[in-house]
Amino acid sequence: MSAIGDSLKGIISGDFLAGSTLLQNCRLEGAGARVYGRESILELFRARRLSSEFVEVIESEHSAALFAQESQGPVAVVADHYGGHLARLWYLAPASLVSAGLERIDVPFDPGFGQLTPATAFEPADHPDLLPLHADGITAMISRLVVPGAPPEAIPSRLTDRLTRVRAHVLRAFSQRDSAAALIVIMAYRGDGSAGVVQFNSAVRVHFDTPEEADMVVDVGGYEREMQRTWRPAF
Amino acid sequence: MHWDADPQVDPVVGRTLEDLLAVRQRRQKLDGFDPVYSDIVDYIVRCTYNIWDRKEVGLIRTHYSADCPVFSLAGKVVGAEAMVRGTLDALSAFPDRSPIAEEVIWSEESPGLFVSSHRIMSFATHLGPDTMLGIPRRNVSDAVPVIADCVCKRNRIIQEWLVRDYGQLALQCGVQPRELALRLAQGDMEGDQSRHGWLNEEAQRISTLGDNEPPEDHPAAAIVRALRSAFMGDRYAEAAGIASPTIEVRWPAGRQLVGRGAWVGCLIQLRTPLDGVRFIADHWAARPRPDGDVAVAVRWWLAGRHVREGVWGSPAGKELLVLAISHYRMRNGRILEDFTVIDEVGVMRQAFGGLGRCQR
């Protein structure tokens, strides 16, 4: 495994020494958590005490994604880095990392604003580490996620049963040889009778020599935390 | 001076704390600055670290002018001694307060006169009594966004605009921001009202700026045009053309969203409660980033009469002045990230009649 892969693996295993690659201003989001700073991030994972079976790392000059399997289900970590120094982490897991979410103010907005293809937002030019020939593959993965008017195929039905009008935004996408990874922010209206728009992440990996083995990890922990919130568009 | 001059001055982005604090030979012309500072970014990061993390509070006396005005919607503070008192107050309530540098976006307005826009995450634990937040109710260690715009000359900050996300801080400490704003406003309405004159003076100052805009070749030009198009013209699709389809929005009080729709939603949420809206761009700066992107800072104001129900609650017809500082990450001429800090407790404080009566 690469140095970045080793770092990510160590961090989510709760290994304090692996945290030396975390920048002091690193932020972690996902699985219901928003955590800031090296020490806070490491303490969050140390408290989990979970072991993971590591599957794959895909990395590029500025990004990395680690895919793993835990007893509760698949997990993924997507990272921004500067020469191996980790600046941002997105963690996707089958369960929430925290017992309670942070209070926040919500914004009434139109998730499909201005998109000719209402379900997806992806600008390949925003992702300099993504090979142009991989962009179509990423788009195809998003299509599996979101088809207007139909339940997304790749997200478990127990999640989509409570959502409507799912939208996908590709926040990060990058290539390593014949493989690519992407971080996709999923937005949807709550379909369970409560107000609001929810937002949670998914991570995809595609091997273009075996595209049928493309894989997606959904941040179910983040989804669950979002669904426990009460929509608050005012102070 | 062109916005990307002095490329030898490294940005904060992507650097470890050890690297940021390493002492280097001077690599930028800094007349009158202490010899330890290698460049303007180093000055900002190092003196902030020394004052707060190392609690060398007395350094403020050599790093702020005796008459330096510090503007924020929490009030105006003048001079180094007042800053020393304020810093000690803060440390007695939040003793482990550590302003972690995220970005310094700076400009040299004239030789030796710098304006820096310093974005930090103020990481702290509420352990002692605080004038705003009272006695701590629970042990919360968390980070709150702050941006400080400082005018710096010969080692001293001579003017500052400070925006702290008090809305998020209050929420994290278990205090309801509207209740806090009401309490502060009630205190404002007692005693000598002339002490609030600074807000009116600031309103008068920015009203003279007119349709202030950056030069066309400045990275901030398109952003300021977009914000004006949104706030003054209500042309949101036109404005959103400056944003990537997957723009990341980090706005006050925990608003973290993705997409043009979300960005437009934030702008509308701010604009809707106001009538007679005026948008004023006060200052801008831009610097190259290590990844080839461009970091842009814009300090802007929104003024208007609070007449409609919205995010700040029911209106009472007060004139509001909203101070915002935004940091943008731009790639290929479009915004990838918008990090905006506004003190919405300060906005609601005005809505409740606090901070004096603003004439506009």
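Every value quoted in this text rests on a predicted model; they were computed, and no experiment measured them. Numbers restart at 1 for each chain; the letters A, B, ... are given by sequence-line order, proteins then strands.
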Measuring heavy-atom distances to chain A, does B/Leu17 have an atom under 4.5 Å in its side chain, in its backbone, in both, or in neither? both

Just so I know, are the side chains of B/Gln168 and A/Glu103 near enough to count as touching, which here means a heavy-atom distance under 4.5 Å? no

For A/Val206, the side chain to side chain contact (heavy atoms under 4.5 Å, CB included) test, sequence neighbours excluded, returns A/Met141, A/Phe208, A/Ala214

So which part of B/Glu337 gets closer than 4.5 Å to some heavy atom of chain A, the side chain, the backbone, both or neither? side chain

Can you tell me if B/Gln269 uses its side chain to pair, donor with acceptor, with the backbone of A/Asp106 under 3.5 Å? yes

Below 4.5 Å, heavy atoms only, C-beta onward: do A/Asp126 and B/Thr246 meet side chain to side chain? yes

Taking every heavy atom of A/Ala234 against every heavy atom of B/Gly310, the minimum-distance pair comes out as CB-O, 3.7 Å

Among residues 16-24 of chain A, those lying within the under-4.5 Å heavy-atom range of chain B are A/Leu23, A/Gln24

Nearest 0.5 Å, what's the OG-CG distance between B/Ser244 and A/Leu171? 8.5 Å

Is the number of heavy atoms from other residues, nucleotides or ligands within 6.0 Å of CZ (B/Arg235) greater than 12? no

Do the side chains of A/Arg104 and B/Leu171 get nearer than 4.5 Å, heavy atoms only? no

Leading residue by heavy atom contact count with chain A [cutoff under 4.5 Å; candidates B/Glu309, B/Arg15, B/Glu18]: B/Arg15

Measuring heavy-atom distances to chain A, does B/Ala181 have an atom under 4.5 Å in its side chain, in its backbone, in both, or in neither? neither

Checking the side chain of A/Asn25 only, and the main-chain atoms of B/Ile100 only, is there a donor and an acceptor separated by less than 3.5 Å? no

Quick one: does B/Ile247's side chain get under 4.5 Å of A/Glu123's, heavy atoms only? no

Name the option with the most non-hydrogen atom pairs under 4.5 Å to chain A; the candidates are B/Asp293, B/Val249, B/Asn332, B/Asp291. B/Asp291

Is there side-chain contact between A/Phe235 and B/Val311, with at least one heavy-atom pair below 4.5 Å? yes

What part of B/Val258 lies closer than 4.5 angstrom to a heavy atom of chain A: side chain, backbone, both or neither? both

If you count heavy-atom pairs within less than 4.5 Å of chain A, which of B/Pro177, B/Ala143, B/Ala262 leads? B/Ala262

Does the pair B/Arg250/A/Glu29 count as a salt bridge with the N-to-O cut at 4.0 Å? no

When rounded to the nearest 0.5 Å, the distance separating CZ of A/Arg27 from CD of B/Gln256 is 6.5 Å

Looking only at heavy atoms, the pair that brings A/Tyr36 and B/Phe123 closest together is O-CE1, 3.9 Å

Lys/Arg N to Asp/Glu carboxylate O, B/Glu248 vs A/Arg88, below 4.0 Å: yes

In terms of heavy-atom proximity below 4.5 Å to chain B, should A/Val185 be classed as side chain, backbone, both, or neither? side chain

Heavy atoms only: give me the nearest A/Ala121-B/Pro245 pair and the separation to one decimal. CB-O, 3.9 Å

Side chain / backbone / both / neither for A/Ala125 at chain B, heavy atoms under 4.5 Å: both

Checking B/Pro290 against chain A: side chain, backbone, both or neither under 4.5 Å from a heavy atom? side chain

Nearest 0.5 Å, please: how far is OH in A/Tyr82 from CZ in B/Arg289? 4.0 Å

Applying side-chain contact (heavy atoms from CB on, under 4.5 Å), run through A/Val107 and B/Leu257 and close with a yes or a no. CA-CA 9 Å; A/Val107 179; B/Leu257 300 159; 3.7 Å; yes

In short, B/Ala240 meets A/Phe113 closest at the heavy-atom pair CB-CE2, 3.7 Å

Is a side-chain N or O of A/Arg34 found less than 3.5 angstrom from the main chain of B/Gly254, in a donor-acceptor match? yes

Is the number of heavy atoms from other residues, nucleotides or ligands within 6.0 Å of CD (A/Glu39) greater than 12? no

